[in-house]
Number of protein chains: 2
Amino acid sequence: MAPVGDAARYARRVPKRGRRPGETKTREAILDAATRSFAALGYDRATVRAIARDAGVDPALVMHFFPTKDLIFAAVMDLPFDAERALADVLAGERDELAVRLVRRFLSLWEDPETGPAMLGLLRSATSYDTAAERLRELVVARILQPIAGAIDTPEAELRSDLVSAQLVGLAFVRYALRVEPIASAEPEALVAALAPTVQRYLTGELAAPPA
Amino acid sequence: MAPVGDAARYARRVPKRGRRPGETKTREAILDAATRSFAALGYDRATVRAIARDAGVDPALVMHFFPTKDLIFAAVMDLPFDAERALADVLAGERDELAVRLVRRFLSLWEDPETGPAMLGLLRSATSYDTAAERLRELVVARILQPIAGAIDTPEAELRSDLVSAQLVGLAFVRYALRVEPIASAEPEALVAALAPTVQRYLTGELAAPPA
(Lines give C-alpha, C1' and ligand atoms only; values in the text may rest on other atoms or scores of the structure.)
Protein backbone atom coordinates (compact mmCIF):
# COMPACT_ATOMS: atom_id res chain seq x y z
CA MET A 1 0.00 0.00 0.00
CA ALA A 2 1.27 3.46 -0.87
CA PRO A 3 2.11 5.75 2.03
CA VAL A 4 -0.45 8.47 2.75
CA GLY A 5 1.69 11.21 1.20
CA ASP A 6 1.93 9.36 -2.11
CA ALA A 7 -1.76 8.56 -2.11
CA ALA A 8 -2.63 12.22 -1.66
CA ARG A 9 -0.26 13.19 -4.44
CA TYR A 10 -1.77 10.58 -6.71
CA ALA A 11 -5.34 11.64 -5.97
CA ARG A 12 -4.40 15.21 -6.72
CA ARG A 13 -2.73 14.69 -10.00
CA VAL A 14 -4.58 11.95 -11.78
CA PRO A 15 -6.87 13.53 -14.37
CA LYS A 16 -10.57 12.82 -14.04
CA ARG A 17 -10.80 10.82 -17.24
CA GLY A 18 -8.42 7.92 -17.81
CA ARG A 19 -5.17 8.57 -19.60
CA ARG A 20 -2.56 6.08 -20.66
CA PRO A 21 0.01 5.49 -17.89
CA GLY A 22 2.75 7.23 -19.92
CA GLU A 23 0.62 10.36 -20.16
CA THR A 24 -0.03 10.41 -16.43
CA LYS A 25 3.67 10.08 -15.76
CA THR A 26 4.51 12.90 -18.17
CA ARG A 27 1.87 15.18 -16.68
CA GLU A 28 3.27 14.42 -13.23
CA ALA A 29 6.83 15.26 -14.35
CA ILE A 30 5.62 18.55 -15.82
CA LEU A 31 3.80 19.48 -12.61
CA ASP A 32 6.83 18.61 -10.49
CA ALA A 33 9.07 20.76 -12.69
CA ALA A 34 6.54 23.61 -12.66
CA THR A 35 6.29 23.45 -8.86
CA ARG A 36 10.07 23.80 -8.58
CA SER A 37 10.07 26.65 -11.08
CA PHE A 38 7.34 28.69 -9.38
CA ALA A 39 8.96 28.09 -5.96
CA ALA A 40 12.34 29.32 -7.18
CA LEU A 41 11.31 32.15 -9.48
CA GLY A 42 7.64 33.08 -8.97
CA TYR A 43 5.02 33.10 -11.70
CA ASP A 44 6.40 35.88 -13.89
CA ARG A 45 9.93 34.51 -14.25
CA ALA A 46 8.93 30.87 -14.68
CA THR A 47 8.81 29.90 -18.35
CA VAL A 48 7.16 27.02 -20.19
CA ARG A 49 10.46 26.41 -21.94
CA ALA A 50 12.42 25.98 -18.69
CA ILE A 51 9.66 23.83 -17.16
CA ALA A 52 9.73 21.57 -20.23
CA ARG A 53 13.53 21.31 -20.07
CA ASP A 54 13.43 20.40 -16.36
CA ALA A 55 10.70 17.81 -17.02
CA GLY A 56 12.68 16.37 -19.95
CA VAL A 57 9.91 16.96 -22.50
CA ASP A 58 9.27 19.20 -25.48
CA PRO A 59 7.58 22.57 -24.75
CA ALA A 60 4.82 21.57 -27.20
CA LEU A 61 3.99 18.63 -24.95
CA VAL A 62 3.67 20.98 -21.95
CA MET A 63 1.22 23.06 -24.00
CA HIS A 64 -0.66 19.88 -24.90
CA PHE A 65 -1.39 19.21 -21.22
CA PHE A 66 -1.64 22.88 -20.16
CA PRO A 67 -2.40 25.32 -22.96
CA THR A 68 -1.38 28.36 -20.87
CA LYS A 69 1.01 29.15 -18.01
CA ASP A 70 -2.05 30.14 -15.94
CA LEU A 71 -3.36 26.58 -16.29
CA ILE A 72 -0.04 25.11 -15.18
CA PHE A 73 -0.11 27.42 -12.15
CA ALA A 74 -3.69 26.44 -11.28
CA ALA A 75 -2.80 22.74 -11.46
CA VAL A 76 0.25 23.21 -9.23
CA MET A 77 -1.86 25.11 -6.69
CA ASP A 78 -4.50 22.39 -6.58
CA LEU A 79 -2.83 21.24 -3.39
CA PRO A 80 -3.41 17.99 -1.53
CA PHE A 81 -4.52 20.09 1.43
CA ASP A 82 -7.80 19.61 3.24
CA ALA A 83 -8.72 23.01 4.68
CA GLU A 84 -11.81 21.71 6.50
CA ARG A 85 -9.80 19.02 8.19
CA ALA A 86 -7.07 21.52 9.18
CA LEU A 87 -9.74 23.85 10.54
CA ALA A 88 -11.37 21.07 12.59
CA ASP A 89 -7.99 20.01 13.98
CA VAL A 90 -7.12 23.55 15.03
CA LEU A 91 -10.51 24.19 16.63
CA ALA A 92 -10.54 20.89 18.57
CA GLY A 93 -8.98 21.01 22.04
CA GLU A 94 -8.19 23.63 24.62
CA ARG A 95 -9.04 27.16 23.58
CA ASP A 96 -5.95 28.63 25.19
CA GLU A 97 -3.77 26.42 23.00
CA LEU A 98 -5.61 27.27 19.80
CA ALA A 99 -2.67 29.35 18.57
CA VAL A 100 -0.13 26.60 19.26
CA ARG A 101 -2.14 24.26 17.04
CA LEU A 102 -2.66 26.91 14.38
CA VAL A 103 0.99 27.99 14.09
CA ARG A 104 2.10 24.34 14.08
CA ARG A 105 -0.41 23.48 11.33
CA PHE A 106 0.58 26.53 9.29
CA LEU A 107 4.28 25.67 9.50
CA SER A 108 3.62 22.04 8.55
CA LEU A 109 2.00 23.24 5.33
CA TRP A 110 5.35 24.87 4.44
CA GLU A 111 7.63 22.17 5.78
CA ASP A 112 5.82 19.27 4.09
CA PRO A 113 7.55 18.44 0.78
CA GLU A 114 4.11 17.69 -0.72
CA THR A 115 2.78 21.20 -0.14
CA GLY A 116 5.73 23.45 0.83
CA PRO A 117 7.17 24.14 -2.64
CA ALA A 118 3.73 25.00 -4.02
CA MET A 119 3.09 27.36 -1.07
CA LEU A 120 6.41 29.08 -1.75
CA GLY A 121 5.48 29.42 -5.42
CA LEU A 122 2.18 30.93 -4.36
CA LEU A 123 3.88 33.42 -2.05
CA ARG A 124 6.53 34.38 -4.61
CA SER A 125 3.81 35.00 -7.20
CA ALA A 126 1.23 36.77 -5.02
CA THR A 127 2.95 40.16 -5.08
CA SER A 128 2.55 40.65 -8.83
CA TYR A 129 0.13 38.03 -10.17
CA ASP A 130 -3.47 38.74 -9.14
CA THR A 131 -4.58 35.13 -9.48
CA ALA A 132 -1.94 34.08 -6.96
CA ALA A 133 -2.83 36.90 -4.56
CA GLU A 134 -6.48 35.84 -4.71
CA ARG A 135 -5.58 32.17 -4.17
CA LEU A 136 -3.40 33.05 -1.16
CA ARG A 137 -6.13 35.21 0.37
CA GLU A 138 -8.66 32.46 -0.22
CA LEU A 139 -6.51 29.63 1.11
CA VAL A 140 -5.06 31.27 4.19
CA VAL A 141 -7.54 34.00 5.10
CA ALA A 142 -10.96 32.91 3.83
CA ARG A 143 -10.75 29.16 4.38
CA ILE A 144 -8.70 28.98 7.58
CA LEU A 145 -8.24 32.19 9.54
CA GLN A 146 -11.65 33.81 9.13
CA PRO A 147 -13.54 30.63 10.11
CA ILE A 148 -11.28 30.26 13.17
CA ALA A 149 -11.76 33.88 14.23
CA GLY A 150 -15.50 33.53 13.61
CA ALA A 151 -15.77 30.27 15.57
CA ILE A 152 -14.21 31.65 18.72
CA ASP A 153 -16.79 34.40 18.95
CA THR A 154 -14.85 37.51 19.92
CA PRO A 155 -15.54 41.05 18.71
CA GLU A 156 -13.61 42.32 15.68
CA ALA A 157 -13.26 38.78 14.31
CA GLU A 158 -12.23 39.99 10.83
CA LEU A 159 -9.50 42.31 12.06
CA ARG A 160 -8.26 39.50 14.32
CA SER A 161 -8.02 37.10 11.41
CA ASP A 162 -6.13 39.74 9.38
CA LEU A 163 -3.67 40.30 12.22
CA VAL A 164 -3.00 36.57 12.39
CA SER A 165 -2.50 36.44 8.64
CA ALA A 166 -0.06 39.37 8.83
CA GLN A 167 1.98 37.46 11.40
CA LEU A 168 1.87 34.07 9.66
CA VAL A 169 2.35 35.27 6.09
CA GLY A 170 5.16 37.53 7.33
CA LEU A 171 6.86 34.56 8.95
CA ALA A 172 6.62 32.61 5.68
CA PHE A 173 7.92 35.59 3.72
CA VAL A 174 10.98 36.17 5.90
CA ARG A 175 11.77 32.48 6.51
CA TYR A 176 11.04 30.86 3.16
CA ALA A 177 11.19 33.63 0.54
CA LEU A 178 13.77 36.14 1.85
CA ARG A 179 15.54 33.39 3.84
CA VAL A 180 16.73 35.79 6.51
CA GLU A 181 18.94 34.07 9.10
CA PRO A 182 18.68 32.84 11.82
CA ILE A 183 14.88 32.56 11.42
CA ALA A 184 15.24 30.64 8.13
CA SER A 185 17.04 27.80 9.94
CA ALA A 186 15.13 27.91 13.25
CA GLU A 187 13.40 24.74 14.40
CA PRO A 188 9.65 24.81 13.69
CA GLU A 189 8.85 24.20 17.37
CA ALA A 190 10.97 27.19 18.42
CA LEU A 191 8.86 29.31 16.08
CA VAL A 192 5.64 27.79 17.42
CA ALA A 193 6.76 28.78 20.92
CA ALA A 194 7.75 32.30 19.86
CA LEU A 195 4.68 33.08 17.73
CA ALA A 196 1.87 31.30 19.56
CA PRO A 197 1.42 33.96 22.28
CA THR A 198 1.12 36.61 19.56
CA VAL A 199 -1.42 34.64 17.58
CA GLN A 200 -3.35 33.70 20.74
CA ARG A 201 -3.62 37.37 21.70
CA TYR A 202 -4.76 38.37 18.22
CA LEU A 203 -7.46 35.69 18.37
CA THR A 204 -8.74 35.94 21.91
CA GLY A 205 -6.97 38.76 23.79
CA GLU A 206 -6.99 42.53 24.05
CA LEU A 207 -6.17 44.24 20.76
CA ALA A 208 -5.53 47.73 22.07
CA ALA A 209 -2.41 48.59 24.04
CA PRO A 210 -2.28 51.39 26.60
CA PRO A 211 -1.80 54.73 24.78
CA ALA A 212 1.80 55.84 24.43
CA MET B 1 11.79 77.82 1.41
CA ALA B 2 10.76 74.39 0.19
CA PRO B 3 9.06 72.11 2.69
CA VAL B 4 11.26 69.36 4.13
CA GLY B 5 9.64 66.66 2.01
CA ASP B 6 10.37 68.52 -1.21
CA ALA B 7 13.91 69.27 -0.15
CA ALA B 8 14.55 65.60 0.55
CA ARG B 9 13.08 64.64 -2.80
CA TYR B 10 15.23 67.21 -4.55
CA ALA B 11 18.40 66.10 -2.78
CA ARG B 12 17.62 62.53 -3.72
CA ARG B 13 17.01 63.05 -7.36
CA VAL B 14 19.38 65.70 -8.55
CA PRO B 15 22.29 64.05 -10.33
CA LYS B 16 25.76 64.70 -8.97
CA ARG B 17 26.91 66.71 -11.97
CA GLY B 18 24.86 69.65 -13.17
CA ARG B 19 22.23 69.06 -15.83
CA ARG B 20 20.08 71.56 -17.61
CA PRO B 21 16.79 72.20 -15.76
CA GLY B 22 14.77 70.45 -18.51
CA GLU B 23 16.83 67.31 -18.05
CA THR B 24 16.33 67.30 -14.31
CA LYS B 25 12.59 67.65 -14.80
CA THR B 26 12.50 64.81 -17.32
CA ARG B 27 14.54 62.56 -15.09
CA GLU B 28 12.15 63.37 -12.23
CA ALA B 29 9.10 62.52 -14.37
CA ILE B 30 10.67 59.21 -15.36
CA LEU B 31 11.42 58.33 -11.72
CA ASP B 32 7.88 59.23 -10.65
CA ALA B 33 6.40 57.06 -13.39
CA ALA B 34 8.78 54.21 -12.56
CA THR B 35 7.85 54.44 -8.87
CA ARG B 36 4.16 54.08 -9.77
CA SER B 37 4.91 51.20 -12.10
CA PHE B 38 6.98 49.18 -9.61
CA ALA B 39 4.39 49.83 -6.87
CA ALA B 40 1.54 48.58 -9.05
CA LEU B 41 3.23 45.72 -10.88
CA GLY B 42 6.54 44.81 -9.25
CA TYR B 43 9.88 44.73 -11.04
CA ASP B 44 9.24 41.92 -13.49
CA ARG B 45 6.00 43.28 -14.94
CA ALA B 46 7.09 46.91 -15.11
CA THR B 47 8.33 47.83 -18.59
CA VAL B 48 10.50 50.67 -19.85
CA ARG B 49 7.89 51.26 -22.55
CA ALA B 50 5.04 51.75 -20.06
CA ILE B 51 7.20 53.91 -17.79
CA ALA B 52 8.09 56.12 -20.77
CA ARG B 53 4.44 56.40 -21.79
CA ASP B 54 3.39 57.35 -18.25
CA ALA B 55 6.20 59.94 -18.07
CA GLY B 56 5.23 61.33 -21.49
CA VAL B 57 8.65 60.70 -23.04
CA ASP B 58 10.18 58.41 -25.65
CA PRO B 59 11.54 55.03 -24.38
CA ALA B 60 14.92 55.99 -25.87
CA LEU B 61 15.03 58.97 -23.53
CA VAL B 62 14.40 56.68 -20.55
CA MET B 63 17.35 54.57 -21.70
CA HIS B 64 19.45 57.72 -22.02
CA PHE B 65 19.00 58.44 -18.31
CA PHE B 66 18.88 54.80 -17.17
CA PRO B 67 20.45 52.31 -19.57
CA THR B 68 18.83 49.31 -17.83
CA LYS B 69 15.67 48.57 -15.84
CA ASP B 70 17.92 47.62 -12.91
CA LEU B 71 19.31 51.15 -12.91
CA ILE B 72 15.80 52.66 -12.89
CA PHE B 73 14.93 50.41 -9.96
CA ALA B 74 18.07 51.39 -8.04
CA ALA B 75 17.30 55.09 -8.54
CA VAL B 76 13.69 54.65 -7.34
CA MET B 77 14.89 52.79 -4.25
CA ASP B 78 17.39 55.51 -3.37
CA LEU B 79 14.82 56.69 -0.87
CA PRO B 80 14.82 59.98 1.03
CA PHE B 81 14.94 57.93 4.22
CA ASP B 82 17.50 58.44 6.96
CA ALA B 83 17.90 55.08 8.65
CA GLU B 84 20.29 56.40 11.32
CA ARG B 85 17.85 59.11 12.27
CA ALA B 86 14.96 56.63 12.41
CA LEU B 87 17.05 54.32 14.56
CA ALA B 88 17.99 57.12 16.97
CA ASP B 89 14.33 58.20 17.23
CA VAL B 90 13.16 54.68 18.01
CA LEU B 91 15.89 54.08 20.59
CA ALA B 92 15.35 57.40 22.40
CA GLY B 93 12.80 57.33 25.22
CA GLU B 94 11.22 54.75 27.46
CA ARG B 95 12.35 51.21 26.78
CA ASP B 96 8.89 49.75 27.36
CA GLU B 97 7.51 51.93 24.59
CA LEU B 98 10.25 51.03 22.12
CA ALA B 99 7.83 48.93 20.08
CA VAL B 100 5.21 51.69 19.91
CA ARG B 101 7.81 54.01 18.39
CA LEU B 102 9.12 51.31 16.05
CA VAL B 103 5.74 50.23 14.67
CA ARG B 104 4.69 53.87 14.27
CA ARG B 105 7.93 54.70 12.41
CA PHE B 106 7.62 51.61 10.20
CA LEU B 107 4.04 52.47 9.25
CA SER B 108 4.96 56.08 8.49
CA LEU B 109 7.51 54.83 5.95
CA TRP B 110 4.60 53.19 4.09
CA GLU B 111 2.01 55.91 4.63
CA ASP B 112 4.29 58.79 3.54
CA PRO B 113 3.68 59.58 -0.16
CA GLU B 114 7.43 60.30 -0.52
CA THR B 115 8.49 56.79 0.47
CA GLY B 116 5.35 54.57 0.51
CA PRO B 117 5.07 53.82 -3.22
CA ALA B 118 8.77 52.94 -3.45
CA MET B 119 8.44 50.64 -0.42
CA LEU B 120 5.49 48.91 -2.05
CA GLY B 121 7.51 48.50 -5.26
CA LEU B 122 10.32 47.01 -3.20
CA LEU B 123 7.97 44.56 -1.49
CA ARG B 124 6.25 43.55 -4.74
CA SER B 125 9.63 42.91 -6.34
CA ALA B 126 11.40 41.17 -3.44
CA THR B 127 9.77 37.77 -3.98
CA SER B 128 11.30 37.22 -7.41
CA TYR B 129 14.04 39.83 -7.98
CA ASP B 130 17.13 39.13 -5.88
CA THR B 131 18.31 42.74 -5.90
CA ALA B 132 15.02 43.82 -4.33
CA ALA B 133 15.12 41.04 -1.74
CA GLU B 134 18.63 42.09 -0.78
CA ARG B 135 17.63 45.78 -0.59
CA LEU B 136 14.62 44.95 1.61
CA ARG B 137 16.73 42.81 3.95
CA GLU B 138 19.34 45.56 4.13
CA LEU B 139 16.89 48.42 4.68
CA VAL B 140 14.55 46.80 7.20
CA VAL B 141 16.62 44.09 8.87
CA ALA B 142 20.27 45.16 8.71
CA ARG B 143 19.92 48.93 9.09
CA ILE B 144 16.97 49.15 11.50
CA LEU B 145 15.91 45.97 13.27
CA GLN B 146 19.27 44.34 13.96
CA PRO B 147 20.77 47.53 15.44
CA ILE B 148 17.69 47.94 17.63
CA ALA B 149 17.79 44.36 18.85
CA GLY B 150 21.53 44.70 19.41
CA ALA B 151 21.20 47.98 21.30
CA ILE B 152 18.74 46.64 23.85
CA ASP B 153 21.13 43.90 24.88
CA THR B 154 18.97 40.81 25.27
CA PRO B 155 19.96 37.24 24.39
CA GLU B 156 19.08 35.94 20.91
CA ALA B 157 19.18 39.44 19.45
CA GLU B 158 19.28 38.20 15.83
CA LEU B 159 16.30 35.89 16.19
CA ARG B 160 14.43 38.73 17.91
CA SER B 161 15.09 41.09 15.04
CA ASP B 162 13.93 38.42 12.57
CA LEU B 163 10.71 37.90 14.52
CA VAL B 164 10.02 41.63 14.42
CA SER B 165 10.71 41.70 10.70
CA ALA B 166 8.33 38.77 10.17
CA GLN B 167 5.59 40.72 11.96
CA LEU B 168 6.25 44.07 10.27
CA VAL B 169 6.90 42.81 6.75
CA GLY B 170 3.84 40.57 7.10
CA LEU B 171 1.73 43.57 8.06
CA ALA B 172 2.97 45.47 5.00
CA PHE B 173 2.34 42.45 2.78
CA VAL B 174 -1.25 41.90 3.90
CA ARG B 175 -2.17 45.60 4.20
CA TYR B 176 -0.44 47.17 1.20
CA ALA B 177 0.22 44.36 -1.29
CA LEU B 178 -2.64 41.87 -0.81
CA ARG B 179 -4.94 44.64 0.48
CA VAL B 180 -6.91 42.28 2.71
CA GLU B 181 -9.79 44.04 4.47
CA PRO B 182 -10.40 45.29 7.10
CA ILE B 183 -6.67 45.59 7.90
CA ALA B 184 -5.98 47.46 4.63
CA SER B 185 -8.25 50.32 5.77
CA ALA B 186 -7.45 50.27 9.50
CA GLU B 187 -6.15 53.46 11.08
CA PRO B 188 -2.37 53.38 11.57
CA GLU B 189 -2.74 54.05 15.31
CA ALA B 190 -5.10 51.07 15.70
CA LEU B 191 -2.38 48.92 14.15
CA VAL B 192 0.28 50.46 16.39
CA ALA B 193 -1.88 49.52 19.39
CA ALA B 194 -2.51 45.99 18.13
CA LEU B 195 1.07 45.19 17.07
CA ALA B 196 3.19 47.00 19.65
CA PRO B 197 2.75 44.37 22.42
CA THR B 198 3.88 41.67 19.96
CA VAL B 199 6.92 43.63 18.84
CA GLN B 200 7.78 44.59 22.42
CA ARG B 201 7.72 40.93 23.48
CA TYR B 202 9.88 39.91 20.53
CA LEU B 203 12.41 42.60 21.46
CA THR B 204 12.53 42.40 25.23
CA GLY B 205 10.26 39.60 26.50
CA GLU B 206 10.19 35.84 26.83
CA LEU B 207 10.43 34.09 23.47
CA ALA B 208 9.41 30.60 24.57
CA ALA B 209 5.83 29.80 25.50
CA PRO B 210 4.90 27.02 27.94
CA PRO B 211 5.00 23.67 26.10
CA ALA B 212 1.67 22.55 24.63
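Chain letters run A, B, ... following the sequence lines, proteins first and then strands; every chain starts at 1.
- Here B:Glu158 pairs with nothing under the side-chain hydrogen bond (donor to acceptor under 3.5 Å, both in side chains) rule; sequence neighbours left out.
- Using a 4.5 Å cut-off between heavy atoms, B:Leu41 contacts chain A through its backbone alone, with no side-chain atom that close.
- Salt-bridge formation is detected for the pair A:Glu138/A:Arg135: a Lys NZ or Arg NE/NH1/NH2 atom is positioned less than 4.0 Å from an Asp or Glu carboxylate oxygen.
- B:Thr35 contributes no side-chain N or O that, together with a main-chain N or O of B:Val76, makes up a donor-acceptor pair within less than 3.5 Å.
- Taking chain A as the reference chain and counting heavy-atom pairs below 4.5 Å, the highest number among B:Val174, B:Leu163, B:Ile183 is found for B:Ile183.
- With salt bridges taken as basic N to acidic carboxylate O contacts below 4.0 Å, none links B:Arg104 and B:Glu97.
- A distance-only check finds a donor-acceptor pair linking the side chain of B:Arg95 to the backbone of B:Ile152 [under 3.5 Å].
- Contacts between B:Tyr202 and chain A at a heavy-atom distance below 4.5 Å involve the side chain alone, from C-beta outward.
- Using a 4.5 Å cut-off between heavy atoms, B:Leu123 touches chain A through backbone and side chain atoms alike.
- Taking A:Ser128, A:Gly42, A:Ala126 one by one and counting their heavy-atom pairs under 4.5 Å with chain B, the maximum is reached by A:Ser128.
- In terms of heavy-atom pairs under 4.5 Å with chain A, the best-connected choice from B:Leu136, B:Val180, B:Asp162 is B:Asp162.
- Classification of the B:Tyr43-B:Phe73 ring pair by plane angle, with boundaries at 30° and 60°, yields perpendicular.
- The candidate with the highest count of non-hydrogen atom pairs below 4.5 Å against chain B, out of A:Arg179, A:Arg101, A:Glu181, is A:Glu181.
- Of all the listed residues (B:Gln167, B:Arg137, B:Glu134, B:Glu189), the one sharing the greatest number of non-hydrogen pairs under 4.5 Å with chain A is B:Gln167.
- Interface remark: B:Leu120 contributes no atoms to any contact with chain A (heavy atom separation under 4.5 Å).
- In this structure, CG on A:Asp32 lies 11.0 Å from CZ on A:Arg27, to the nearest 0.5 angstrom.
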